[in-house]
There are 2 protein chains.
Amino acid sequence: MRDRPASPRGTLDAARIISAAVAFIDEHGLHRLTMQRLGAHLGVEAMALYRYVPGREALLDGVVDAVVDELFRDPEVHLRAHAGWADYLRRLAHGVRRTALAHPEIFPLIATRPPAAPWVRPPLRSLRWIESLLEVMTGAGLSGADAAVVYRGFSGFLLGHLLLEVSVRGDRRAGPPAADLAGYPLLRRLRPQLSAGLGVRDFEEALQAQLDRIARMLPPQGPGSRG
Amino acid sequence: MRDRPASPRGTLDAARIISAAVAFIDEHGLHRLTMQRLGAHLGVEAMALYRYVPGREALLDGVVDAVVDELFRDPEVHLRAHAGWADYLRRLAHGVRRTALAHPEIFPLIATRPPAAPWVRPPLRSLRWIESLLEVMTGAGLSGADAAVVYRGFSGFLLGHLLLEVSVRGDRRAGPPAADLAGYPLLRRLRPQLSAGLGVRDFEEALQAQLDRIARMLPPQGPGSRG
DNA sequence: ACCTGAACACCGTTCAAGT
DNA sequence: ACCTGAACACCGTTCAAGT
């Protein structure tokens, strides 16, 4: 009744191991990912993985990169023919959000792993994306310095909102006994309002506020500008 | 040449263990914290800790709570006599920032640990702080629902900005070889601008934007209002 | 060339036994 | 009452040995 080995000789390589790790974390959670379990999942002993991956930490780096790179294959996002910077940022933001929600167990890793360079900010931690964003923003008329400010601010916005949204959804703990809210009258009264939100609408509203802020950095444009 | 046991019989308790864990993580990093090392740090075998703490996960929960509670002992923050809601939020934000910078290895834990209740958002993950914030905002004239919106938005702002700031500072990896930036001309050109920022000034600017957004939710007030 | 067995140093955790 | 020794089931990782 044992599983047939999923990996006959020579089938293993780094890419396959990493994508298996992504699938494993999505299904079972990060804390369950061990070299032995991932090996078993691939029909192989844990030690075999070390021929393709330097170690567990490097594997997790690979997982983060792989998920971030998903964005590049998202046709909704990576249209070179975007309708202006705001459209570009909006698509990008929603793309990152989709990625985060598709991999709620991996997004905290994306958020907290030290980036490759000190000037790379999660969750847009790929050189290609940074370059692309800077290109669009300078193309829209922003100075290089201002484009960098936009990158930083936008990263912070995405990180905060999506980490909250993901962590709230991933919550598997038992809810707190309502009785313990004695002494916190407002908390008690507003619990429904506190529980609500953190859906697309909240996201879009905060996104719009970001875009408005950025628009104010741009050189004034004539009415009816198409961006 | 062994250390004298730091903990003669009966000196151990949950609070001491947790604060030792905080100190240990601050000094050596989260990934080095093991039950055995923490025990040794306290002059005791690992197994002794289990009499006071249910396990490692619970210990980390305790660490998070302890650091969050530091805010309550911060005299700069917890002045009941604040000069209006904006002053209150500003002090709170700077207090959270101080906490994050004081414990850069713990803040990611604060950010990503599942909160006790689904409506609790990091980093303001203490019932006392939520109640206090709601109290101030409703006192300023906001409806309950709007006060909840402020709590959510403010949490997202703090989370995003401080996680970035902390992770950038905590970066110990080797910088990337500049040569690899071929193909990314803007990145290359703007590297200084990208590296900059994420200091108090960036924080204060983003904080002000948040406060402005909140101000727009408030009922209009006469000129010269003191908040 | 690619995988595994055996081994090493370490985990978290339990529990009977010591003081 | 409080701590420890010994044990268990598991880690990540190395390396010589097998195919």
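Just so it is clear: chains get the letters A, B, ... in the order the sequence lines come, proteins before strands, and each one is counted from 1.
Place B:Glu45 and A:Pro54 on DNA chain D by their nearest nucleotides, and B:Glu45 ends up nearer the 5' end. Nearest-nucleotide positions on DNA chain D for A:Arg51 and B:Ala48 put B:Ala48 closer to the 5' end.
You'll find that the side chain of B:Gln36 is closest to C:dC11, out of D:dC11, C:dC3, C:dC11. The side chain of B:Met47 approaches C:dT14 more closely than any other nucleotide in the set D:dC11, C:dT14, C:dT4. The side chain of A:Tyr52 sits closest to C:dC3 out of C:dT13, D:dG12, C:dC3. Comparing D:dC3, C:dT4, D:dT13 by their nearest atom to the side chain of A:Ala46 picks out D:dT13.
When both distances must be under 3.5 Å, the Watson-Crick or G-U wobble mate of C:dA7 is D:dT13. When both distances must be under 3.5 Å, the Watson-Crick or G-U wobble mate of D:dG18 is C:dC2.
Checked by atom type and distance alone, the side chain of A:Glu131 pairs as donor or acceptor with a backbone atom of B:Leu186 at under 3.5 Å.
For B:His82 against B:Val136, the heavy-atom pair with the smallest separation is CE1-CG2, 3.7 Å.
Salt bridge present: B:Arg97 and B:Glu165 bring a charged side-chain N and a carboxylate O closer than 4.0 Å. Ion pair B:Arg113/B:Glu57 flagged as a salt bridge, since at least one NZ, NE, NH1 or NH2 atom sits closer than 4.0 Å to an Asp/Glu carboxylate oxygen.
When the P atom of D:dC10 is taken as reference, atom CG of A:Leu33 falls 16 Å away, rounded to whole Å. Rounded to an integer number of Å, the gap from B:Leu38 CG to C:dT13 P is 13 Å. Summarising the geometry, the separation between OH on A:Tyr50 and P on D:dC11 is reported as 12 Å, rounded to the nearest angstrom. Taking atom NE2 on B:His31 and atom P on D:dG12, their separation rounds to 15 Å, with Å as the unit. As rounded to whole Å, 13 Å separates atom C1' of D:dT4 from atom CG of B:Leu12. Following rounding to the nearest Å, A:Ile17 (CD1) and C:dC2 (C1') show an atom-to-atom distance of 12 Å. Put simply, CZ on B:Arg56 is 13 Å from C1' on C:dT13, counting in whole angstrom units.
Between A:Arg37 and D:dC10, a side-chain N or O to OP1/OP2 separation shorter than 4.0 Å is absent.
By the 6.0 Å contact criterion, CZ on B:Arg37 is enclosed, its count of non-hydrogen atoms from other residues, nucleotides or ligands being greater than 12.
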